[in-house]
2 protein chains.
Amino acid sequence: MLSQAAEDYLKSIYKLQEKGGKVSTGVLAEFLNVKPASVTGMIKKLESMKLIKYERYQGVTLTNAGKAIALEVIRHHRLLELYLFKALGMPWDGVHDEAEKLEHVISEEMEARMDAYLGYPTADPHGSPIPDKNGVVPKTESVPMTSLQEGQSCVVAEVNDSDSALLRHLGSFNLYPGTRFRVIEVAPFEGPFTIDVAGQQAVIGREVAKHILVDDIHDT
Amino acid sequence: MLSQAAEDYLKSIYKLQEKGGKVSTGVLAEFLNVKPASVTGMIKKLESMKLIKYERYQGVTLTNAGKAIALEVIRHHRLLELYLFKALGMPWDGVHDEAEKLEHVISEEMEARMDAYLGYPTADPHGSPIPDKNGVVPKTESVPMTSLQEGQSCVVAEVNDSDSALLRHLGSFNLYPGTRFRVIEVAPFEGPFTIDVAGQQAVIGREVAKHILVDDIHDT
DNA sequence: TGTAAAATTTAGTTATGCCTAAATTTTTTT
DNA sequence: AAAAAAATTTAGGCATAACTAAATTTTACA
């Protein structure tokens, strides 16, 4: 059985790999909040297990076996988030931390039962796609909110799930996945976005906007 | 934060203390499936944290602080068992293993939400009492099935939750907590019990009967 | 292109919690 | 009460996964 630490490394490598760019020792260390020297150690271990490929001073890549485990953990995480949200009514800014702990310990049986209870969902409460049991990740074609122009309307597709302060902030504007809004104004020089959400105006800073992916864009 | 291993020690000490008799290094080791030498080590650690009291070569006792943690873990375990059984429909012989892992990682928030969902229950699917949030354990006055006489009728109060083969066996006779049955015959020389459960006869061996606690006994 | 800066790896340490084997203490038996 | 048996503790190791500090390799720039 794989350790929780190892599972976290694989999950992190997957996420960083997804964002593009090479997954270096330093980037991984930063992401996992450990020192680079510690990452070197775990990399060797995972490499010896054939879960990643590694070239000294270069970076890591997941093997098929490693990717399968990463996706399994991510599936657990997102199913748990949605389950805790829907079945237990936990707030969307609280489910991430809980899922982070539970994802490593639930059985396949429990995973399957949550999946069935939820009706085989394809996205968690933050809009992130839930890989299916075969490791197939639902396709999405969402883009960062920062690429929007004045006058465009769109639907929130996905928001970063790990920053609960951000999530509470978005919640205060009713900016949940599925919510449609329209860009009223984009302040010049990388300034904030003023948007209209269900008749209410809200001002969203650049940094926040980077963490919001949107979908179904229309020019109005 | 206390390690999972330490929590398991405290929980085990509590359970062994409950059964009466001194909780010696050897008994704890046997119960936890580790070697006595390992127990000595953890005992020292828990003692230094003032969670247990210990006298060399004598045995351990929980302090109030230690007992509080033990009861918290047991509360998690039993709430989880009932939750998995009721909310996710997991079989009663499967919930123990899952709860064993989850009990160490759920938050107080999740505990409270499961508690509310379940209507503040006082017993798990195997009839074991669920301590409340203040560590108060519901009183029960059940006795081992082995103390029954021929002709007596009673209700199943509690069965050992950790032996899933036993649970499946009992399930096949519909012997769940709350089920009433009557003793038809007790074979001599420590022999098996023949009982009547809802019109069906069943033969229950001594060893199995030891793991069944009963309640509400009537002579018929 | 050579040197300084940055990134990475190696070497050695720490903490947890388990193990075995040997030493010690307690209990039981004769 | 002494000797044998049983229980417990000590001593020394192992694996995991982190850390710091020092050495090495790569990259970047002047």
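Nothing here was measured: the structure is a model prediction, and the numbers come from that model. Below, chain A is the first sequence line, B the second, and so on; all start at residue 1.
- Summarising the geometry, the separation between CZ on B/Arg56 and C1' on D/dT10 is reported as 9 Å, rounded to the nearest angstrom.
- B/Leu32 places its CG atom 12 Å from the C1' atom of C/dG17, with the value rounded to the nearest Å.
- For B/His96 and B/His77, the distance between ring centers is under 6.0 angstrom.
- Salt-bridge formation is not detected for the pair B/Arg78/B/Asp161: no Lys NZ or Arg NE/NH1/NH2 atom is positioned less than 4.0 Å from an Asp or Glu carboxylate oxygen.
- Looking at A/Glu185, its side chain never comes within 3.5 Å of a backbone N or O of A/Phe193 through a donor-acceptor pair.
- Near-neighbour residues of DNA chain D inside residues 19-26 of chain B, defined by a heavy atom below 4.0 Å, number-ordered: B/Ser24, B/Thr25, B/Gly26.
- Classification of A/Arg75 and A/Glu111 as a salt-bridged pair holds, one side-chain N sitting under 4.0 Å from a carboxylate O.
- In this entry the distance linking CD of B/Glu55 with C1' of C/dT26 reads 14 Å, nearest Å.
- Heavy atoms only, all atoms of each residue included: B/Gly135 and B/Leu71 are closest at O-CD1, 3.3 Å.
- Rounded to an integer number of Å, the gap from B/Lys44 NZ to C/dG17 P is 15 Å.
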ask   = In the 5'-to-3' direction, what one-character label does each nucleotide of nucleotides 16-23 of chain D receive under the scheme B = base within less than 4.0 Å of a protein heavy atom, S = sugar-phosphate only, - = no such atom?
value = SSSBBB--
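- Ion pairing between B/Glu7 and B/Lys11 fails under the 4.0 Å rule for side-chain N and carboxylate O.
- The distance from atom CD of A/Glu100 to atom CD of A/Gln4, rounded to the nearest 0.5 Å, is 10.0 Å.
- One interatomic measurement links the two molecules: CE of B/Met49 to C1' of C/dT16, which rounds to 10 Å at whole-angstrom precision.
- Salt bridge B/Glu18/B/Lys15: absent, no basic N to carboxylate O contact under 4.0 Å.
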